[in-house]
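Heads up, the thing below is written out as structure tokens.
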2 protein chains.
Amino acid sequence: MPGPTIYDVAAAAGVATSTVSRAFSNPTRVNATTRERVLAVATELGYRPNPHARALLSGRNHTIAMVVSDITNPHYFELIRGAEMRARASEYTLVLVNAEESPRVEYEQIQRLASSVDGFVLAASRLPDENLRQIAVQRPVVLMSRELAGLSSVVLDHVQGCRQVVEHLASLGHQDVVYLAGPRNSWMAATRWSALRSAAEALGIRATRIGPFTPRVSQGGAAADGALHAGATAIVAHNDLLAIGVLRRLAQRAVRVPDDVSVVGFDNIFAADLCTPTLTTLGGAHADLGRSAVEILLEAVAPVRTKESAPQVVLPTELVLRGSTGPAARPAV
Amino acid sequence: MPGPTIYDVAAAAGVATSTVSRAFSNPTRVNATTRERVLAVATELGYRPNPHARALLSGRNHTIAMVVSDITNPHYFELIRGAEMRARASEYTLVLVNAEESPRVEYEQIQRLASSVDGFVLAASRLPDENLRQIAVQRPVVLMSRELAGLSSVVLDHVQGCRQVVEHLASLGHQDVVYLAGPRNSWMAATRWSALRSAAEALGIRATRIGPFTPRVSQGGAAADGALHAGATAIVAHNDLLAIGVLRRLAQRAVRVPDDVSVVGFDNIFAADLCTPTLTTLGGAHADLGRSAVEILLEAVAPVRTKESAPQVVLPTELVLRGSTGPAARPAV
DNA sequence: AACTCGACGGCAAGGGGTTGCCAACCTGTT
DNA sequence: AACAGGTTGGCAACCCCTTGCCGTCGAGTT
């Protein structure tokens, strides 16, 4: 069970353990023919270096953790997938952690893993800035869907994206938009709202915010009712799940979409194309987001070139027009 | 950066390192008051045991890997979620690995991780039996959605479930069912087909199989065309993704569902309730499946009671009736 | 032929905990 | 008062690999 060690290989090859070690980790330091022989013996014995022993000394172990604020949200699947693929491409192992929308759980998990992983990708972290900074001191960190001065991050361009959303709605004649806010400690929620508001202001249309709502389908009922009460002709939901919940509730209340009300979501999850009506939403290359985050993290973990300052990457969004948005209803005077 | 070690704590508390070690890992072996003091000093110094050092000796490191045949499939999200939660409850770390539907990738990844994790949950593994057995020799393994004599496993009861499906279709008057098969090396695909066939036989209705198809929405087109060509009035797709693809194609070809053709999927993914028509599907408590798998694995990794033989758990399915199934069309004579 | 220098291999000291074994001590017994 | 037996703490080896340092040896120089 405990496979052959470096000693077994050394004995079998008639060299010292250090030579075996170097044959693997520092090829230039050992004669080519010796190396060849060692490697041959090693494969013959089925030797595999023990990662723990290696990690003990180096402190690094080719493992990174991705912490996700809520693994239930299908939006993250793409991010996770992109991250996983990128990590694997560099032979890094990805540990997946669910924070259950709880800052406390998130923090505890991070601390628990801090000494066993090389770095963190924090997706939509709900932690306060100080905590993030403190964690970044312990280990390299890349934020995802969140920005913080001094830390690396990868986000979609929501300023641009929200403007597209508002312009789209404005061009359909909407004068009144209501934003269904996401969780209180979500950076993304705050960013979307401020971007929406300034875009609305620039275009001279009214924007109001209600919420916060937990971004689940189940919360769509309350959100929809609130939005109707606010009297807007266009609803922009914090994300697609909430938007889908809104669509359901509206159907229940016999409010026609998009005839009476238009609905827009964020994330462009798989289901957005399946619901009825199909959902107009602000998407982006989410797998790229995941890939990019891991790439930056790996650069911080195992620098290839000179160390740069923390990059803050902004990727473009794309507004996906579907069935849930249409011309504004003529106001019932 | 390299936090305080057991030596620092020992020095500060005025005891030997072994005492500190035991204070943490073997509380009965050290005097209660001494222990208290050691722990107090440890927390004061912010000591955290180094997991690598610990793993070096014990070979175990409170980490398990979950290998998923295709992380893109939303079906796995629930499984992953259940597994992640259960692992966390026992303070185990879950490593997520995507096999990209490739046995080779799957095998390589497993081998790469074999020495750094305590055990494996293999979800819908595409590996041949011999490989699985061989891996099980190296590390504890729990199969998910797959059974193999001698190995632990957790599956949904597809014999029962498929009978429900067939009975449902039979009771709607269908005489002719076509099964759109999943990947060739998928145990689940084989199991579903054989369960469907014997259920059909028992009820005296005809069942044919076409495929295999990669279970993606994009493959639904070809699958649907094949099914129509086969002339069945009811289509049972290998999973919901394929079923949704089928629904799309049918809509495109103006085949009415369920008036002309009924469609059934498997897995009850989130989107099954959103597509048009909504999808009848065979589901089950998938999070429980994940939870259960991890539970069994943990028992094998760190036995609490006497070691038992490999349990093979079968959880019940539930047939979720929605809009995509209805009475059989009167045959056009 | 004496000398320099680079290449290569080996020795041994960690890295941070764990654990078998022994010694010291304390308690209670006869 | 001597002794048996149980507790508790310390010593040191060990887990497996990495790496600084040194010694050796052979090739190249003059």
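By convention in this document, chain letters (A, B, ...) are assigned in the order of the sequence lines, proteins followed by strands, and residues within each chain are numbered from 1. This one's a predicted model, so the numbers in the text were calculated from it and none came from an experiment.
Using a 4.0 Å cut-off, some side-chain N or O of A:Tyr47 falls inside it from OP1 or OP2 of D:dC17. Put simply, B:Ser21 has a side-chain N or O that comes within less than 4.0 Å of OP1 or OP2 on C:dT18.
Partners of B:Asn26 according to the side-chain hydrogen bond (donor to acceptor under 3.5 Å, both in side chains) rule, which considers only residues two or more places apart in sequence or in another chain, are B:Thr28. Looking at residues two or more places apart in sequence or on another chain, you find a side-chain hydrogen bond (donor to acceptor under 3.5 Å, both in side chains) between A:Ser90 and A:Arg86.
Computed from coordinates, the A:Leu56 CG to C:dT18 C1' distance equals 13 Å when rounded to whole Å. For B:Asn61 and C:dG17, the CG to P distance is 15 Å, given to the nearest whole Å. When the C1' atom of C:dG15 is taken as reference, atom CG of A:Leu57 falls 5 Å away, rounded to whole Å. Rounded to a whole Å, the CG atom of A:Asn26 is 13 Å from the P atom of C:dA7. Look at CZ on A:Arg60: it is 12 Å from P on D:dT18, rounded to the nearest Å. The separation between A:Asn50 atom CG and D:dC14 atom C1' is 14 Å, rounded to whole Å. Rounded to whole angstrom, the span from the NE2 atom of A:His52 across to the P atom of C:dG17 amounts to 15 Å. Put simply, CG on B:Leu45 is 15 Å from C1' on C:dG16, counting in whole angstrom units.
Side-chain N or O atoms of B:Arg48 include none that pairs as donor or acceptor with a backbone N or O of B:Gly46 at under 3.5 Å.
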- Summarise how protein sits on nucleotides 5-10 of chain D as a single string, 5' to 3': B when a protein heavy atom is under 4.0 Å from the base, S for sugar-phosphate-only contact, - for no contact. ---BBB

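Ion pair A:Arg88/A:Glu84 flagged as a salt bridge, since at least one NZ, NE, NH1 or NH2 atom sits closer than 4.0 Å to an Asp/Glu carboxylate oxygen. A salt bridge links A:Glu108 with A:Arg104: at least one charged nitrogen is closer than 4.0 Å to a carboxylate oxygen. The pair A:Arg81-B:Asp70 does not count as a salt bridge, with every side-chain nitrogen at least 4.0 angstrom from each carboxylate oxygen.
Between B:His62 and B:Tyr92, the angle of the ring planes stays under 30°, which puts this pair in the parallel group of the 30/60° scheme.
Of the two residues contacting DNA chain D, namely A:Arg48 and B:Tyr7, the nearest-nucleotide position lying further toward the 5' end is that of B:Tyr7.
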